[in-house]
Amino acid sequence: MEDNEEFDYVASEHDRLVSAITKLDKTQHIREPTRNEPTIQSTEFNLIKRSSKLKLDNVVKVLEDTAHHVKIGKKLKKSQDADKILSKPLEKPQAARIKRSTGYEETKKKVGRWDPVVARNRTVDYVSFPIKHFPSKLQPTNDFLSKLKLKSPLEKELEEIDPPPESKEVVEEEQLYPMSYEEMLEHRQSTAKLRAQQSYKAAKEKRQSKIKSKKYHRILKKERLKQQLKEFEELQIKNPEEALKKLEELEKSRALERHTLRHKNTGKWAKSKLVRAKYDKEVRQQLAEQLSVSRSLTHKAQDTQSTDDEADDTENIPDVTLAQDPLNPWMMKSSDKSNVDEEFNFGYKKYLNDKMFKQAEIDSDSDQENLEQTHNHDIESPLGLLPESEKRLYNIDNPKDSKKEEKPDKKKNNNVKIVTPKLVAQNSDQTKKLPIKSKKKSKKIIATTSWVVEELGATSKSIITPIEEGKASEDISNVFDRYENKVVGQVEHKLKELRRQISKIGKQSNQQNKEVTEDNAEHDNLEYLKLKKQNPKPQIDEELIETHNGIGLKEIEPSLLNIITPTENPSQQNMNMDIDPTRFIEVKPKFLNTAVSRRENYIDDLDDDDEQVVPKVDIEEVFEEDDVVDSFRQEKEDEINQDIPKGVDLALPGWGSWGGKGVKATKRKRNRFIGKLPPKTSRRDENKGDIIINEFKNPKLAAHKVSNLPFPFTSVKDYEASIRTPIGNTFIPETAHKKLIRPSVITKAGAVIEPMDEDELLVKKNRTFNNNSILKLFAKK
Amino acid sequence: MKEKKTVRYFDIESNNKDENNKDQNVKVFKIKSTSKILKAQRYKQNKNIHTKKKHSKNSQQFPGKAPINPEKLEEHKRGEGLGKGVRHPLHALKLKKREHKFKYAEEQATRADILLTEDQGFLEVEEDNRTTGITQKVIADNVDITAATKIFELNLAFGPYQAKYSCNGRHLLLGSKKGHLAAFDWVTKKLHFEINVMESIHDMSWLHVETMVAAAQKEWLYIYDNTGIELHCIKKMDKILRMEFLPYHFLLAAVNEFGFMSWLDISIGEIVGHYNNHMGRTSVMTQNPYNATLCLGNSKGVVSLWSPTVKKPLAKILCHKTPLTAIAVDSRGMYMATSGVDRSLKIWDIRNLDGPLQHYKLRSAPLNLEFSQKDMLAVGLGETVEIYSNCCTQTVEGPYLRHRMAKTINNFKFCPYEDVLGIGTSNGFTSIIVPGSGEPNFDALESNPFQTKTQRKEAEVKALLEKIPAELITLNPSDVMEVDVPSMKDKIEARKNLLYLKPKKVDLTPRHKKKGKTNIARKKIIKETVRKEYINQSMEAKKILAEPEKQYVPKQSFGVLDRFVPKPKPKK
């Protein structure tokens, strides 16, 4: 019930609201009754406001039905009939606005027709005015007609020289639609298929590239490498040229690696690690790994002369072995590489190489000797070695080497020397000339290394004898026997002397150490020698030996020796690293056979000898001032120090602590109050050795230089590129010069330049101008 | 005539079909052919025949401009072009058009190479002979008459003579220690003038034209015209030891006895640079034609490079440990040859300031050096002159030519645009032929050996208009073409401090990076790694050797007191 009440209440409220609203409406809602009964008294309820409007119809009705009146009535009706009434005129400003906007549209359209003309004129190289060329005077008809010849005599002549191609008019049925409908369908299908494949593949690759698992990537990498290796091997068999190309690619990748700073521990990561490296072993390992990666990647493919064991060493890095494989026939072909190596093969590097080479040969010799002992009468195998050993001899003869020879090296020479008599013996069978030569050489060698012979005296004897037994010619062998005896005698004599000396000194020298080891195990000795040889610095191995007692060396177990061998690898790599560090230090002087002025020397045998003449007296020493170099370096250092920005001392003396003479600021203060400026960028002469390059701002030059980029440029590089070509005819061809300096507007002197008329819109070049970006730019304006 | 045949797609793809069939699991879309499509197709088919004229240009005998050899084009390239930094479409388009013009200039220059018709001379000998064996007599017998006249000798009485050729190689200037000064056209042997200045002449030089000559006499610098009339006496420059004329800057550079360097601008008669070099007395000086710097060698073996506006050396190179005897820089400014008392001859990369590239040891110390236009190096050894060809890029085994004389050499110069070496000797002048030393093609607008008087006048005016200011003499002559980045940075910074100004975004990377840094870094890395490896190796080796040592130390037993025996610290 309550609900009902409330509902009523609401309804009444609603009525009130409606009435209130209706009150607002002032219009009359009570209409004039359409039917009414005639009554005398008019009720007040029927009273309504009547419109004061006069109904003309009624008025007309009142009039009589004369023709004239009918006419008037009709007229009136007609005038009343027009139900459309003119709208009220707009307000003035609004009307003006509308007028303006429409006017704008109109003119925009009209002016817009000129856009391409303007844009084209702005963009072309030059515009020449006046645009229209009227011939100054009319040609007489005859003149005009005379020009209408078929061909001028020049043209005819030209045609004789270079006949124009007979322009065949090939009437061709070229189809606008080169495919029939079915073909098109098929084509569409196939392209759709292709696209689908592509997208699948792309999706797959995207998915795979997002995999973060290191293990997965490692496996992937390994697989890829394997695959490459396999392919390469296949290619090697099938298509050697391709394989060569691939090898070159590998080389290139190596070069790239070398070029970049990747794996060089110079990056952000490495630097952050370096900070921790001091305390963290793992980090150190990581860094080392990085370096080793770079080393392996930059490792040069080995030359042909690399021995087998070297190849074994590098087996753990697969892609490197690929490049280094000594059995690889293509490596043999790439001779220029070895040439390059040879070029840089001087100085210490050469010395090392020689050492290595000799070592390798000693190995092979020892093998050979074994062979010979078994097959005593086998002559052919040593003969094969002949050229090599000769080469070796030349190597030894090389004066450069002899200069640098040190004790261990001499010992190697000694080893070589053992072989030489054998060689001579073999040669004697063959020719007469050769032995003489080699004899000479062997003598030379003895001369250089005679005093070291003792070390291998015993063994050398044993080696020589079997070989000589194998020889047929007895007299020569007799000679050598004698010679050998002599040598051995000398050796023994020297040995005795040396031992005496040693015993006197009471120390065990290096040489004796070696002797002992040699006596005990030749194999060990060889290994040991190898280590030394691959040490690029001789001082190190000297130290090596000095540090321990001689007897101790005996106790080096083979296991330890095995440990030594792996250390050889990096040094070997160094040697073959195509950029030799020693190269930057000094260029080897080349001795030239120049003329000697008559005052100095009258002997002129210049043209006769091929060898380099090394002056006996080092004149450098006479004139050389030692302090020249030092003072120059000092100067450079001063120069560098001058350039280093110094920190600004902001500390106030005596503030917070005692001040005065002799009182030093505390460390804390110093750190806090001395503002450190950013370090200057590296100097040009930083690593150039004895060269000082002064880099200072030259204000006089700066006046000539540009220090603000002009408008359209936002980068220095672009601006500099835009002025890279000079425009003077001194520097570029005249035609280009003319082109570059042509003004953008060319006017004919004395001619009236009329403004453009609308004919210009119809010119084809203007109509076809369609650089939208520029058109847009002008439209915007 | 080749007729074009419409190629259907299946003609090409027939080969690939089997490949496509491999992937069967791919969805294939089929398009249903509706009547509408078919109708349109038919309509098109009916209307699709139309004719076309066809020309083929290949059949023509002279089809147009010859193609350019890309390798030769590379020689005329001026480096990398514009990037995409310019955003404004109109300016971008304009710059692009300009770029095309640059390209056109390069191509035209390449095409103009065809005008270099002359070839370089050379000596050809049999395999077992050497070029050094060929004497001037042999050459004179084998060349044509005009060339043979280029071998001649002048016997003059006034002591050691110096000789210098003019820029175009036509005129020769002789000056002697005893004051004899003469200028003549050495080809026709027509004498311009011959005077005795009655003073010692230390050095002399042609100025920009052959009508003017500068002579450094005992006290002051004098300028004579080509009739021997004294035009100027410049007392601002005194006691000159060596002079060099820088033709493009119109500067006469000189160094005097007290170590003062001075540059005289002969076009306006002003001294543009004058200061002491603090290098001591030295008469070893030459100019670097590439950047117009002066190379001065001193008694400490240091070569220093000088420019008139900077009072310190631009660069210093320690070339030898002994006093320098001679310097020469080649015409392109690539190589510098220095020789010292230590009998060595070194070749340096003067452009990059690096080296030495080559180091030769001679049997006696060279006293003069000179590069020819084609990079042959003449070395003066007392009475002999030796010419080395191609000794900069590779190590030579021996000289190319050798000429001995019975008199001491005072100086020598290669004649430009001729295969001639002129030697000023103790008693006269000798001219010899060195095949292949001179540039065979001359640019008549640059320097013309056959210049007429009007041409000379015109060239003089033109050269004056193109005079390079003295301030532009720096190590890198293209410095002007670069933006002054540091001062630009300052300007940008200043702009940033202003309120209500939108700072411009500017990319400051220069076009030419300062090269060499990376290379040096690499060198350093290599050195470092090598060193580390040595250390590692030695460490390991030491370890190995140290271990057995320990075993051998006999442990003395102290019984209970053993615990007090100091234990060796385990090494890290």
Side-chain angles (χ1 to χ4, degrees), chain A residues 123 162 165 167 169-171 173 175-178 181 189 192-193 196 540 544 548 552 555 560 567 570 581 584 587 589-592 594-597 620 623-624 628 632 687 690-693 700-702 704-707 712 714-718 720-721 724-725 732-733 736 739-740 773-774, chain B residues 6 26 28-29 41 48-49 51 54-55 59-62 78 82-83 85-86 88-89 91 93 101-102 105 108 300 309 315-318 321-322 341-342 356 359-364 381-384 395 471 483-484 487-488 507 511 520 523 526-527 530 533 537-538 540-541 544-545 548-549:
Chain A
T123 49
D162 183 18
S167 55
E169 283 193 15
V170 186
V171 181
E173 286 185 13
Q175 284 177 318
L176 261 181
Y177 303 95
Y181 176 66
Q189 280 174 2
K193 193 178 164 186
I540 290 169
L544 248 173
H548 70 93
E555 261 62 22
L560 280 177
T567 60
F584 306 119
V587 179
K590 161 88 184 165
F591 290 93
L592 285 177
T594 58
V596 179
S597 57
E620 252 181 74
F623 286 99
E624 207 169 285
V628 165
F632 192 84
N687 289 296
D690 292 334
I691 292 171
I692 304 174
I693 303 171
K700 280 180 181 168
L701 175 68
H704 291 274
K705 281 170 111 178
V706 176
S707 61
T714 50
S715 76
V716 172
K717 205 175 168 187
D718 278 347
E720 283 179 358
R724 73 181 188 279
T725 305
I732 57 172
K739 251 192 171 179
L740 275 166
S773 57
I774 289 166
Chain B
T6 47
V26 176
V28 176
F29 301 98
Q41 180 69 21
N48 64 3
I49 299 166
T51 56
K54 282 207 149 187
H55 289 270
S59 61
Q60 216 168 340
Q61 198 181 345
F62 304 109
R78 288 183 188 270
L82 271 178
V86 179
H88 194 282
H91 287 282
L93 186 73
K101 282 180 197 166
F102 290 167
Q108 282 299 110
K300 286 183 177 174
T309 48
K316 277 181 176 180
I317 310 166
L318 180 65
K321 291 174 185 175
T322 55
V341 182
D342 55 352
H359 184 187
Y360 298 107
K361 284 275 191 185
L362 311 183
R363 292 172 80 185
S364 60
L381 306 154
E383 288 128 5
T384 321
T395 314
E471 297 94 73
V483 174
D484 191 3
S487 62
M488 189 163 85
D507 182 11
R511 186 153 170 264
I520 289 161
K523 286 181 198 172
I526 291 164
K527 274 187 197 172
V530 168
E533 267 157 26
Q537 261 182 298
S538 63
E540 260 178 71
I544 292 157
L545 294 164
E549 204 174 12

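Order of the sequence lines sets the chain letters (A, B, ...), proteins ahead of strands, with each chain counted from 1.
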Partners meeting side chain to side chain donor-acceptor pair (under 3.5 Å) with Thr725(A) (sequence neighbours left out): none

Exceeds 12 heavy-atom contacts within 6.0 angstrom, atom NZ of Lys700(A): no

Min side-chain heavy-atom separation Ile732(A)-Arg78(B) under 4.5 Å: yes

Nearest non-hydrogen partners of Leu592(A) and Leu362(B), listed with the distance: CD1-CD2, 3.6 Å

Residue list, salt bridge (Lys or Arg N to Asp or Glu O under 4.0 Å) with Asp484(B), at least two apart or on another chain: none

Distance-minimising heavy-atom pair for Met488(B) and Ser707(A): CG-O, 3.2 Å

Any Lys316(B) side-chain heavy atom under 4.5 Å of Phe632(A) side chain: yes

4.5 Å side-chain heavy-atom contact, Leu740(A) and Phe102(B): yes

Side chain / backbone / both / neither for Leu93(B) at chain A, heavy atoms under 4.5 Å: side chain

Side-chain donor or acceptor of Glu720(A) paired with backbone N/O of Arg511(B) under 3.5 Å: yes

Within-4.5 Å side-chain heavy-atom neighbours: Leu318(B) and Val628(A): yes

